[in-house]
Amino acid sequence: MKKPIPVTIITGFLGSGKTTLLNHILTQQHSRKIAVVQNEFGEIGIDGELIENTEEDIFELNNGCICCSVQSDLVRALENVKRLNKPVDHLLIETTGLADPHPVAQTVLRHPLVKTNYMLDGIISIADAKHLLSDIEEHREARHQIKSANVVLLNKTDLVSPEELERAEQKIKAINPIVHSIYHTQYSRLSLEALLDLKIFDLTDWEVSQNRSLKEPHHSEGITSLSLKYSGYVDLERLYAWLSRMLHHQKHKIFRIKGVANLKDRDKRYVFQVVHDIIQGEFGKEWSDQERTNQFVFIGKNINKKMLRDGFKTCIETNTP
Ligand SMILES: Nc1nc2c(ncn2[C@@H]2O[C@H](COP(=O)(O)OP(=O)(O)OP(=O)(O)O)[C@@H](O)[C@H]2O)c(=O)[nH]1
C-alpha cells in the first residue's frame, strides 16, 4: 500500500498572506513534488492568476467555502490528486479567508475516501498582525482559524509596532494555548523546515482543544462576494480614485478586494489587492497569448452589488487599443 500523502492546511483571515505563503513555498528550492488545492470564496478564481509559474498541479475550487458548501468538491479534488499519474510528496490546501479549518481537517482525518490516502501534517494559520485584533473581534471565522492552528505565522510585522505585535501574540496564545509555534514573518517568509513535514499533529489534543460541534454555523450571516469580469482595459487613475472614495464610505462593509486588470499598452497583468483600507497594486505575470480581461472579486457584508458594478464599470475603457 502507498504511503499516505502529508497534508498541510493553510488558513487565515481574508488578505492575511495565504497566497503569498503558497508562492513562497512553491518557489523555494526543494525536491518535494507538491500538489495544491486552492479554494476561493468568489465565483472567479483570482488566486490561480497570482500563483507564480511553477510546475505544481493546482486544483481550484471556487464559489464557496470547502468548510461547508463545497466540501464534497474537496473530497473529489483529493481523489483527483491521488489519481495523478505521478508521485505527490505533499499536498497544500489553501482555504478561503472565511473558512473554518476544523471541518476541512475533519474531512482529511475522517472521510472514508480520504483518510487512508492522506495524513494531516499540520494546520498553519496566517494572522495579519495589523488587523488580527479587530478581525477576531468582528469575525468568528478569524477566531476559529487561530484556535484550530498548530502553527501561526504572525505576518505583516512591517506594519506594526513591537507593542502591537506583542498584543497580537498574546491574543493568539489566549485563544489557542496549545499552539505549537508562533513565528513573526514578513510576506509569509519562513524556512520550509518550519512549515512542512512537521509531524506535530496530535489528534487527541487537537480534538479536545477544539471542543465545538461541527454543526455550529461556520460563517457570519450576510457575507457575500461579487465577481466582475469585463473586457477592455482599466484606467488606473480612475480605478484608484474610485476605490479610495468607495472604501472611505464602505470601509465596514468591504473586507477584501482582489483583481487582475488589463492596462493599455502593457504586457503584464496589473494585480490589485485591497485588505481593509490598504490598497496595493503591482505588475504580475505576462498575459502571453491568454485572453486579456479585467477580473475583480469583492467580499464583504451586505455589499451593495449594483453600486460596485456601476462604479467599477466607470473605470473600464471598452474601445480596446
Ligand atoms: N505589508 C505587507 N503586506 C503583505 C505581507 N504579506 C502579504 N502582504 C500583502 O497582503 C495582500 C494579501 O496577501 P495574500 O497573500 O493575497 O492574502 P490571502 O490571505 O491569500 O488573501 P485571501 O485569499 O483573499 O484571503 C497582498 O497585497 C500581499 O502582497 C507583509 O508581510 N507585509
Side-chain angles (χ1 to χ4, degrees), residues 8-27 36-52 58 60-67 70 92-101 104 123-132 135 139 141-142 144-146 149 152-161 164-165 168 182-190 195 219 223-227 240 243 247 254-261 269-285 295-300 303:
T8 299
I9 297 173
I10 299 175
T11 188
F13 200 64
L14 293 165
S16 54
K18 297 178 292 298
T19 307
T20 308
L21 176 67
L22 203 56
N23 263 326
H24 169 66
I25 295 175
L26 297 182
T27 51
V36 177
V37 173
Q38 217 174 15
N39 179 213
E40 284 201 70
F41 196 70
E43 283 164 50
I44 298 179
I46 302 288
D47 284 355
E49 295 279 333
L50 309 184
I51 290 290
E52 288 166 31
I58 300 188
E60 285 186 40
L61 304 174
N62 300 335
N63 204 14
C65 251
I66 42 176
C67 67
V70 296
L92 303 175
I93 301 177
E94 180 188 351
T95 72
T96 76
L98 292 165
D100 180 351
V104 181
I123 303 173
I124 298 176
S125 184
I126 325 267
D128 174 335
K130 185 163 176 63
H131 299 111
L132 179 72
D135 286 343
H139 306 282
E141 295 88 345
H144 286 162
Q145 289 160 355
I146 296 294
V152 176
L153 269 58
L154 191 44
N155 192 36
K156 306 198 185 186
T157 57
D158 54 311
L159 301 181
V160 294
S161 65
E164 287 174 288
L165 195 58
I182 300 175
Y183 297 103
H184 296 174
T185 57
Q186 289 184 13
Y187 291 89
S188 307
R189 283 191 293 264
L190 192 62
L195 296 166
H219 299 296
I223 295 187
T224 50
S225 71
L226 171 69
S227 298
Y240 270 105
L243 279 177
L247 287 169
I254 307 271
F255 309 150
R256 178 83 166 106
I257 305 172
K258 54 188 165 181
V260 173
R269 293 159 167 81
Y270 194 80
V271 177
F272 259 97
Q273 299 269 9
V274 179
V275 182
H276 291 266
D277 54 354
I278 300 176
I279 307 177
Q280 284 179 317
E282 59 183 2
F283 283 100
K285 290 190 285 192
Q295 304 185 40
F296 273 64
V297 174
F298 301 78
I299 300 173
I303 52 180

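Note that these values count all heavy atoms, side chains included, but never hydrogens, waters or copies made by symmetry. Counting convention: from 1, in listed order, for ligands and their atoms alike.
Of the options Gln273, Gln186, Lys156, the smallest heavy-atom separation from atom 10 (O) of ligand 1 is shown by Lys156. Nearest-residue assignment for atom 16 (O) of ligand 1 (options Arg256, Glu282, Lys258, Lys18; heavy-atom criterion): Arg256. When the heavy-atom distances from atom 30 (C) of ligand 1 to Phe272, Phe255, Phe13, Tyr187 are ranked, the shortest goes to Tyr187.
The residue from Val275, Val160, Ile278 that alone fulfils the side chain to side chain contact (heavy atoms under 4.5 Å, CB included) condition with Asp128 is Val275.
Contacts between Thr96 and ligand 1 below 4.0 angstrom, taking non-hydrogen atoms only, are absent altogether. Residue contacts with ligand 1, taken as heavy atom pairs separated by less than 4.0 Å, involve Thr19 via backbone and side-chain atoms alike. Contact annotation: for Gln280 versus ligand 1, heavy atoms closer than 4.0 Å belong to the side chain alone.
The protein non-hydrogen atom at the shortest distance from atom 17 (O) of ligand 1 is Gly17 N, 3.2 Å. Ranking protein heavy atoms by distance to atom 6 (N) of ligand 1, first place goes to Asn155 ND2, 3.1 Å.
Here Ala168 pairs with Leu132, Leu154 under the side-chain contact (heavy atoms from CB on, under 4.5 Å) rule; sequence neighbours left out.
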- Query: Run the side-chain hydrogen bond (donor to acceptor under 3.5 Å, both in side chains) check on Gln38 and Glu94 step by step: do they pass?
  - Reply: CA-CA 5 Å; Gln38 217 174 15; Glu94 180 188 351; 3.0 Å; yes

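The shell of residues lying under 4.0 angstrom from ligand 1, judged by heavy atoms, excludes Gly12. Within the 4.0 Å heavy-atom shell around ligand 1 one finds Glu94.
In summary, the aromatic rings of His276 and Phe255 are positioned with their centroids too far apart to meet the 6.0 Å limit. When ring centroids are compared, His131 and Phe13 stay outside the 6.0 Å threshold.
Residue Gly97 approaches ligand 1 through these ligand atoms, each under 4.0 Å from one of its heavy atoms: 25 (O). Residue Leu159 has at least one heavy-atom neighbour below 4.0 Å for each of these atoms of ligand 1: 1 (N). For ligand 1 and Thr20, the ligand atoms under 4.0 Å from any heavy atom of the residue are 7 (C), 13 (O), 14 (P), 15 (O), 28 (C). The contact set between ligand 1 and Asp158, taken as ligand atoms under 4.0 Å from a residue heavy atom, comprises 1 (N), 2 (C), 30 (C), 31 (O), 32 (N). Of all atoms in ligand 1, listed by their number and element, those nearer than 4.0 Å to a heavy atom of Leu14 are 25 (O).
Looking only at distances, a side-chain donor or acceptor of Asn155 sits under 3.5 Å from a matching main-chain atom of Ser16.
Lys258 places none of its side-chain heavy atoms less than 4.5 Å from the side chain of Phe296. Within the 4.5 Å cutoff, the side chain of Val36 has heavy atoms near those of the Leu26 side chain. Ile124 has its side chain out of reach of Ile9: every pair of non-hydrogen atoms, C-beta onward, lies at least 4.5 Å apart.
Where the criterion is an N or O separation shorter than 3.5 Å, residue side chain and backbone included, Val275 fails it with respect to ligand 1.
Side-chain contact, Gln145 with Ser125: no donor N or O sits under 3.5 Å from an acceptor N or O.
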